[in-house]
Amino acid sequence: MPTAARTALAALATLLTATLVGCSSPSPPPAAPAFTATLTSPTNVVLHWPADPAAAGYLLEYANAADGPWTALQYLPPGQTSYTHPNLIPETPFYYRIRSFAGPVSATVTAGNAAPPGTAAQQSAPADLTATPAADQNLHFTWTDRSTDEAGFLLEIRRPGTPDFVPVEVTDPNATQCALSLLPGEQGSAFRLRALSYGPLSPVVERTTGKD
């Protein structure tokens, strides 16, 4: 084939390739980053995880051995996707895992009030939640357990001047009462109670702290 013909065919092939690429489906967005742990100083670990739109929040746990025992580090609100675990023991392994939580919630109450009957959004949500003031800035909560398979109950607080509820206290399954000691600025808060269910566990990540 003459050189000029070969050159013309090569140019045509390049043009067709560019056209096909331009007409192809757009590339899918990159996957959300996995659960990660980063040492930002010899004794500080920063954890990051992808947001779960279906989550009501997250339970973060840690251990000092790969097979546990595991300790609840923090219950976190749904908008939070990072956490700093500070001032750790030097030259020590720390293992982390995280899972989302959800579950039906009670009606909202404030101190000295009870949830109006019939206001729970779902049939299995805790009912009859009351918040009774006690001595030393304590509140005593009672409720009716209407779920059969909860992993526990999570008390959530909406502090004055804030828009969202955040976790504040957790109980064992089948509990029907708990107490909370109010911190400064928490008087006048609203409360609700969630019958907990958990999502799957993340992969475990590990970081060993350095010398102090």
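Note: hydrogens, waters and symmetry copies are ignored here, and every other heavy atom, side chains too, is used. Everything numeric in this text was worked out from a predicted model, so none of it was measured.
Here D164 pairs with nothing under the side-chain contact (heavy atoms from CB on, under 4.5 Å) rule; sequence neighbours left out. Among residues two or more places apart in sequence or in another chain, the side-chain contact (heavy atoms from CB on, under 4.5 Å) test is passed with S82 by H48. With sequence neighbours excluded, no residue forms a salt bridge (charged side-chain N to carboxylate O under 4.0 Å, His left out) with R158. By the side-chain contact (heavy atoms from CB on, under 4.5 Å) test, T84 is found to be paired with V46, P86, residues two or more places apart in sequence or in another chain being considered. For S147, the side-chain contact (heavy atoms from CB on, under 4.5 Å) partners two or more places apart in sequence, or in a different chain, are S124, D145, E150, F153, A195. Take R99 and apply the side chain to side chain donor-acceptor pair (under 3.5 Å) test, not counting sequence neighbours, and it matches no residue. In this structure, S41 has no side chain to side chain donor-acceptor pair (under 3.5 Å) partners at least two apart in sequence or on a different chain.
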| request: Go through V168 and L180 one step at a time and tell me if the side chain to side chain contact (heavy atoms under 4.5 Å, CB included) criterion holds. | output: CA-CA 8 Å; V168 69; L180 180 70; 3.9 Å; yes
| message | Set out, in order, the CA-CA distance, both residues' side-chain angles and the distance that settles side chain to side chain contact (heavy atoms under 4.5 Å, CB included) for E169 and I157, then state yes or no. | response | CA-CA 9 Å; E169 184 72 24; I157 184 173; over 6 Å; no
| request: Using the side chain to side chain donor-acceptor pair (under 3.5 Å) rule, take T209 and T43 through it: C-alpha gap first, then chi angles, then the decisive distance, then the call. | output: CA-CA 5 Å; T209 52; T43 57; over 6 Å; no
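Note on V205: it clusters hydrophobically with V45, by side-chain heavy-atom contacts below 4.5 Å among ILVMFWY residues. Placement of L155 and L139 within a single hydrophobic cluster is found when ILVMFWY residues are connected by side-chain heavy-atom separations under 4.5 Å, directly or transitively.
The two residues P167 and Y75 make their nearest non-hydrogen contact at CB-CB, 3.6 Å. Closest of all the heavy-atom pairs between P78 and A55 is CB-O, 3.6 Å. Heavy-atom minimum distance, S202 versus F35: OG-CD2, 3.4 Å.
S100 OG to L59 CG: the interatomic distance, rounded to the nearest 0.5 Å, is 10.0 Å. Distance check: L129 CG to W143 CH2 gives 7.5 Å after rounding to the nearest 0.5 Å. Taking OG1 of T81 as the reference point, atom CG of L76 lies at 10.0 Å (rounded to 0.5 Å). Here the OH-OG1 distance, from Y62 to T71, works out to 5.0 Å after rounding to the nearest 0.5 Å. Distance check: L39 CG to L88 CG gives 8.5 Å after rounding to the nearest 0.5 Å. The OG1 atom of T208 sits 10.0 Å away from the CG atom of N64 when rounded to the nearest 0.5 Å.
Under the salt bridge (Lys or Arg N to Asp or Glu O under 4.0 Å) criterion, no residue pair touches residues 75-85, with sequence neighbours excluded. Sorted by first and then second residue, the pairs that involve residues 156-209 and meet ring-ring contact (aromatic ring centres under 6.0 Å, His included), not counting sequence neighbours, are F141-F191. Counting only residues at least two apart or on different chains, the side chain to side chain donor-acceptor pair (under 3.5 Å) pairs with a member in residues 170-187 are Q137-Q187, N138-S181, H140-Q177, R159-E186. For residues 85-94, the pairs satisfying side chain to side chain donor-acceptor pair (under 3.5 Å) are H85-Y96, with sequence neighbours left out. Pairs passing the salt bridge (Lys or Arg N to Asp or Glu O under 4.0 Å) check and including a residue from residues 193-212, sequence neighbours excluded, read E156-R194.
Not a single donor-acceptor pair under 3.5 Å links the side chain of W49 to the backbone N or O of R97. Distance alone, capped at 3.5 Å, is enough to place a donor-acceptor pair between the S106 side chain and the L193 backbone. In this structure, W70 contributes its side chain and Y95 its backbone to no donor-acceptor pair below 3.5 Å.
With a 4.5 Å cut-off on side-chain heavy atoms, L73 and Y83 count as touching. Proximity of S189 to L182: side-chain heavy atoms (C-beta onward) are nowhere separated by under 4.5 Å. Using a 4.5 Å heavy-atom cutoff, the side chains of V170 and L196 are in contact.
Within a 6.0 Å radius of CZ in F94, more than 12 heavy atoms belonging to other residues, nucleotides or ligands are found.
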